[in-house]
Amino acid sequence: MQISLLDTAMTDHRTLHKELSLDMEEISFAQGTFPLQQDEPLILDAVNVGNRVLDVSIRGSVSVVVPCDRCLKPVRVRIPFESCQRLDLKKNAAQRIQDLDECSYLDGTDLDIDAMVRQEILMNWPLKILCRQDCAGLCSRCGKNLGEGPCDCAKEPKDPRMAAISDIFKQFKEV
Ligand SMILES: [Zn+2]
Ligand SMILES: [Zn+2]
């Protein structure tokens with residue numbers, strides 16, 4: 001989605017306020033592709049602070065569905081975000097690159113909302129995802145979700161080497 005900032009840029013102190021709906025249904029990056037849902041309207045505000053310089057802010061929240069770190073069960077995680085940037089619309093693309101400006105979201109006077117929101121989601125991506133704080137995870141032997149009850153691995157006899165050692169201890173006791 002592209003929003004034109006041209007009118008706002010033309011007049012000093014002019015403001016722009018918009019409520020937007022995202023047309024993203026998933027987000028893909030190095031860790032995979034995850035379904036995404038918008039929780040509330042995205043609010044875009046732009047203020048021309050003078051001389052074609054705009055303060056642009058975007059805020060909202062999305063929910064993503066990601067697997068639990070321990071048991072892989074899908075978990076819905078809310079990601080709120082808010083971003084404010086000062087954009088100088090006098091600069092052209094080449095100048096922006098030279099200045100190491102972060103606003104690769106600008107194409108002329110059009111703002112790329114999806115790219116901006118995507119960046120915000122990735123910056124606010126949760127570091128640890130658990131279906132619940134005490135998630136027991138999966139059994140390392142059979143892969144059963146231990147949150148749904150114990151597996152049969154626990155009932156199996158102990159490691160034979162350990163059994164031999166405990167037998168030795170028993171013998172000492174008996175002496
Ligand atoms: Zn879990
Ligand atoms: Zn098991």
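Numbering of ligands and ligand atoms starts at 1, following listing order.
Side chains of Asn48 and His13: no donor on one and acceptor on the other come within 3.5 Å.
Here the angle at the Zn ion (ligand 1) defined by SG in Cys71 and SG in Cys131 stands at 110°, rounded to 10 degrees. Taking the Zn ion (ligand 2) as the apex, the angle formed with SG of Cys151 and SG of Cys139 is 110°, to the nearest 10 degrees. Seen from the Zn ion (ligand 2), atom SG of Cys153 and atom SG of Cys142 lie 110° apart in angle, a value rounded to 10°. Here the Zn ion (ligand 1) is the vertex; the SG atom in Cys68 and the SG atom in Cys135 give an angle of 110° (to 10°).
Between Phe34 and Trp125, the gap from one ring centroid to the other is short of 6.0 Å.
Minimum interatomic distance between Asp55 and Arg86 (heavy atoms only, all atoms of both residues): OD1-NE, 2.8 Å.
Within the 4.5 Å cutoff, no side-chain heavy atoms of Lys18 are placed close to those of Ile43.
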